[in-house]
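Reminder, nothing fancy here: chain letters follow the sequence lines and each chain counts from 1.
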Protein chains: 2
Amino acid sequence: MAEPTTLRETVRDTVRGAGRSSGRGAETRERILDAALASFGTIGYDGTSLDDLAGGLGIRKQTILYHYVSKRGLLGAVVDRSAADLNVALLEVLAGEATDWERVEALVRSVFRVALEQPLLMGLLREVSRPGSPAAPRLKGAMGPLMDRAQAWMEREMDAGRMRRTDAQLVLISAYSTVVGLATEIEVLRAAGLEPTMRTVATRRRELLRFLRASLDPLR
Amino acid sequence: MAEPTTLRETVRDTVRGAGRSSGRGAETRERILDAALASFGTIGYDGTSLDDLAGGLGIRKQTILYHYVSKRGLLGAVVDRSAADLNVALLEVLAGEATDWERVEALVRSVFRVALEQPLLMGLLREVSRPGSPAAPRLKGAMGPLMDRAQAWMEREMDAGRMRRTDAQLVLISAYSTVVGLATEIEVLRAAGLEPTMRTVATRRRELLRFLRASLDPLR
DNA sequence: CCCTCTTTCTACCAGATGGTCAGGGGACTT
DNA sequence: AAGTCCCCTGACCATCTGGTAGAAAGAGGG
């Protein structure tokens, strides 16, 4: 894996992805991805039928298979694009000027913003980060580099004494699962008859930040 | 719904459940439930095939259907038994002598103990507390009464000034999703190549207790 | 010995699913 | 106008799905 030279380059590469993106069918491909994300993220991969998916889009199942070869291929494409969305959000923060603790806080806020704007994406993450999921390795491939970078950055900060020394990977995974858990929480709230409000999300965010501060801030 | 007279009675009722439990087929029924719990909790309801399930047990699919009528019926039975397990663990604490904050802490420890001993159960919870899950109402029916009781107790404590006044239901759901999120976290850890240790679980528990203390303890 | 109840099996089915194959039609090039 | 490429579709298929019908094999009681 060649390390990208600048953050901007990484953003561009991530945004484009590997698929052909020009041509008349590009819009169809995007619509398929949108619907697939919604379906995978709610009723799950196994619960999604290509026929239903196509029916909802007013196209035939064969069109989906033409663009994405197989159902697995479609899942892979959805995961890739979603991971790219997250990458963009995070890399924007990393390219910003915030430093030290401010940067951590900015990252958390950025992720929560994505979670609020695209709740479906959280559903997909939950679906994919599951024991038997066929896309688990794919997700690892798409998000892994960013995680590695974050971990490396944290360890550099620790070396410089600007962060308390702990297990960076453990903290990252903890934060990750908190965010994904948010999707579950919102669903449970809805099942309990409560319409989820900004308040629950804000509470979770505050809680996560408190945890991170307790783990990382050298002054406390 | 008739309110049970004593806690002990509730425990007994919950443990037994509604199914016939004597007879030669009882062992088979239990084995089926065990395997179904494992399968539903990992690869999910839709991902589970009755043929595979039976194959793993060395029996025919029709035997499963004989005992549990339909796939849905099987899921219902699994959810019921799992909820009963949780109920037993929690009611034991509620029948104990701990009071006030000690009781909250005992409850949390009890749930985490169950989560550690039966990780599959957490997987099932995650699977079931999902938007399209066919067993969501069932889970609500099985766990709802306990949640209501917990909520009522908390509100009584608040009235008596032994607990800080907050939205009891919100706190409960928050705690619930933290525990369920633990299942996700453990899986992600495993995917990242780290064998989950006691430490991660302990961290989560400490974190949850801190959150609860901040929300509920009137002295802080 | 027969009768009944329980448990498990074999045989079978209708429907749905993911996927293949060949073809049609539009747009752009030469 | 012919060729070529991209996009989409209808027809078809092998396989797997949950579920039904009926019978065999015991066990136990009369």
Side-chain angles (χ1 to χ4, degrees), chain A residues 16-40 42-79 127-128 132-135 138, chain B residues 17-79 127-128 132-135 138:
Chain A
R16 287 264 142 187
R20 52 230 154 142
S21 33
S22 62
R24 285 195 323 290
E27 187 204 327
T28 306
R29 272 200 295 277
E30 285 301 307
R31 291 206 310 136
I32 293 175
L33 279 189
D34 290 339
L37 169 61
S39 189
F40 289 155
T42 50
I43 60 180
Y45 177 76
D46 290 312
T48 298
S49 113
L50 292 185
D51 275 313
D52 292 351
L53 207 57
L57 288 167
I59 60 178
R60 296 325 123 205
K61 157 178 64 172
Q62 289 76 4
T63 305
I64 298 181
L65 288 172
Y66 167 73
H67 286 290
Y68 297 101
V69 185
S70 69
K71 193 183 180 185
R72 279 223 178 176
L74 176 60
L75 176 60
V78 171
V79 168
E127 164 75 8
V128 160
S133 172
R138 190 106 182 199
Chain B
R20 55 228 151 142
S21 33
S22 62
R24 284 193 327 288
E27 187 205 328
T28 306
R29 272 201 295 278
E30 285 301 308
R31 290 207 310 136
I32 293 175
L33 279 190
D34 291 339
L37 168 61
S39 189
F40 290 156
T42 50
I43 60 180
Y45 178 76
D46 289 314
T48 298
S49 114
L50 292 185
D51 274 313
D52 292 351
L53 205 57
L57 288 167
I59 61 178
R60 296 322 125 208
K61 155 179 65 175
Q62 288 72 10
T63 304
I64 298 180
L65 288 172
Y66 167 74
H67 287 290
Y68 298 102
V69 185
S70 67
K71 194 183 180 184
R72 278 227 177 170
L74 177 59
L75 176 60
V78 171
V79 169
E127 163 75 9
V128 159
S133 173
R138 189 108 185 200

Shortest non-hydrogen contact between A/L75 and A/P134, atoms and distance: CD2-CG, 4.0 Å

Under 4.0 angstrom between A/H67 side-chain N/O and D/dC8 OP1 or OP2: yes

N or O in side chain of B/T28 less than 4.0 angstrom from C/dT8 OP1/OP2: yes

Between OG1 on residue A/T28 and OH on residue A/Y66, distance to nearest 0.5 Å: 10.5 Å

Matching residue for A/L74 among A/V79, A/L53, A/V69 - test: side chain to side chain contact (heavy atoms under 4.5 Å, CB included): A/L53

Minimum-distance nucleotide to B/R60 side chain [options: C/dC9, D/dT9, D/dT17]: C/dC9

Protein-nucleotide distance (A/D46, atom CG; C/dT17, atom C1'), rounded to Å: 12 Å

Donor-acceptor under 3.5 Å (A/Y68 side chain, A/R29 main chain): yes

First of A/K61 and A/I64 reached from the 5' end of DNA chain D, by closest nucleotide: A/I64

Nearest listed nucleotide, side chain of A/T63, among D/dT17, D/dC8, C/dT17: D/dC8

Distance, rounded to the nearest Å, where A/D52 contributes CG and C/dG18 contributes C1': 13 Å

Between D/dC8 (C1') and A/R29 (CZ): distance, integer Å: 13 Å

Length of the CZ-P vector between A/F40 and C/dG18, whole Å: 9 Å

Closest to side chain of B/S70, choosing from D/dC7, D/dG19, C/dG19: D/dG19

Spacing between B/Y45 atom OH and D/dG18 atom P, to the nearest angstrom: 8 Å

List the atom pairs, donor and acceptor, that lie under 3.5 Å between side-chain atoms in residues 35-44 of chain B and the rest of the protein, sequence neighbours left out.
unit_1	atom_1	unit_2	atom_2	d
B/S39	OG	B/T48	OG1	2.8
B/T42	OG1	B/A38	O	2.7
B/T42	OG1	B/S39	O	3.3

Whole angstrom value for the distance that separates P of C/dT7 from CG of B/L65: 15 Å

Residue A/Q62, side-chain heavy atoms: nucleotide from C/dC9, C/dT7, D/dG10 that is nearest: D/dG10

Touch class at under 4.0 angstrom, heavy-atom based, for A/L50 against every strand present: sugar-phosphate

Phosphate-side-chain proximity, B/Y66 and C/dT8, N/O vs OP1/OP2 below 4.0 Å: no

Under 4.0 angstrom between A/S49 side-chain N/O and C/dA16 OP1 or OP2: no

Spacing between A/D51 atom CG and D/dC12 atom P, to the nearest angstrom: 16 Å

Distance, rounded to the nearest Å, where B/E30 contributes CD and C/dT7 contributes P: 13 Å

